[in-house]
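Structure first, commentary second.
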Protein chains: 2
Amino acid sequence: MQIGELSERAGVSHRTIHYYERLGLLKPAEREGAGYRYYDQTALKRLEKIAALKRLGLSLDEIAAVIDLYFEDASGIKGKEKVLEILQTQIAKADTQISELTAFRRDLEASIARMHKLIAEAQQQ
Amino acid sequence: MQIGELSERAGVSHRTIHYYERLGLLKPAEREGAGYRYYDQTALKRLEKIAALKRLGLSLDEIAAVIDLYFEDASGIKGKEKVLEILQTQIAKADTQISELTAFRRDLEASIARMHKLIAEAQQQ
DNA sequence: CATTAACCTGACGTTGGGTGTATATCTAGG
DNA sequence: CCTAGATATACACCCAACGTCAGGTTAATG
């Protein structure tokens, strides 16, 4: 698969793929013959994972720090203690974010209830 | 309270406060005498709310669109149906984000468990 | 009352996350 | 063999969300 197909399937521009490669988010693709990049399925999976992590609010740097956990053989990863540390930081952040989101959701529900009430009252009169 | 105290208490710079004011996130403060801005408690609450919404991943523009829901008398808000719509969009986003975060957290826990196992094995040998 | 700390505005700089554009090369179909 | 379409690199530019700097005003205090 060339960069055009990959970018279309992943829903990002080929410029973004180049950019991610420069940042180390994507492994440099194979370059058969001339300079063309050729990708396989894992590249697509990686891009999807990156998108998911972005939605969670991670920066590209943070993603670069954890993405290999999903795609490299864990036994081959250097500095396991370091990785563990990163993971634990991430989980703490996730917990904070989950509880804030839950509180936010509660507030929203209260606001919605208030709005419904106000609208009902307005229609009464 | 002047801008210095406000910025310190809210944990943002005074330039950020100026910036938020320009974007309409913060009501222009009272300007007694010369041009100094003077704030009250609600300004601090607003800044805290803004920070909370930012952590949820809202852009400053999006925050500007909803912040008044928290600080204006609900009965005085124009276009209640519109507001309701915004609120419902927000709650849907929050739900999506919560479930993605929960799944992410589960993944992280699994990775942590794997790491612990690998480290233990490494120490055995 | 003079100094110093706090404030003002405006212009420009920076960082993150990209996008646009120009120019060159390659590959495939006719 | 030639041309169209896909890629390559490099440099410039964009937007959001600030930060820095410079020059000027104000308020408070010893």
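First the proteins, then the strands, lettered A, B, ... as listed; each starts at 1.
In this structure, A:Tyr19 atom OH and C:dT19 atom P are separated by 10 Å, rounded to whole Å. The separation between B:Asp61 atom CG and D:dC15 atom P is 13 Å, rounded to whole Å. Look at CG on A:Leu25: it is 9 Å from P on C:dG17, rounded to the nearest Å.
By the neighbour-count criterion of 12 heavy atoms within 6.0 Å, atom CD of B:Glu121 is densely surrounded, having more than that number from other residues, nucleotides or ligands.
Checking D:dT7, D:dA8, D:dG19 against the side-chain heavy atoms of A:His18 singles out D:dA8 as nearest.
A side-chain donor from one of A:Asp40 and A:Thr42 sits under 3.5 Å from a side-chain acceptor of the other.
Between A:Asp68 and A:Arg46 there is a salt bridge, with a side-chain nitrogen of the basic residue lying less than 4.0 Å from a carboxylate oxygen of the acidic one.
Using a 4.0 Å cut-off, no side-chain N or O of A:Ser13 falls inside it from OP1 or OP2 of C:dG18. A close approach under 4.0 Å does occur between a side-chain nitrogen or oxygen of B:Lys54 and OP1 or OP2 of D:dC18. At D:dT9, one or more side-chain N or O atoms of A:Arg31 fall inside 4.0 Å of OP1 or OP2 (strictly under the cut-off).
When each of B:Gln2 and B:Ser59 is assigned the nucleotide of DNA chain D with its nearest heavy atom, B:Ser59 is the one assigned upstream, toward the 5' end. Each of A:Tyr36 and A:Tyr20 lies near DNA chain C, and the nucleotide nearest A:Tyr20 is the one positioned closer to the 5' end.
Nearest heavy atoms, B:Ile67 versus B:Ala64: CG2-O, 3.8 Å.
The base of D:dT7 has none of its N or O atoms less than 3.5 Å from a complementary donor or acceptor on the side chain of A:Arg37. For a distance-only test at 3.5 Å, the side chain of B:Arg15 fails to qualify as a donor-acceptor partner of the base of C:dG13.
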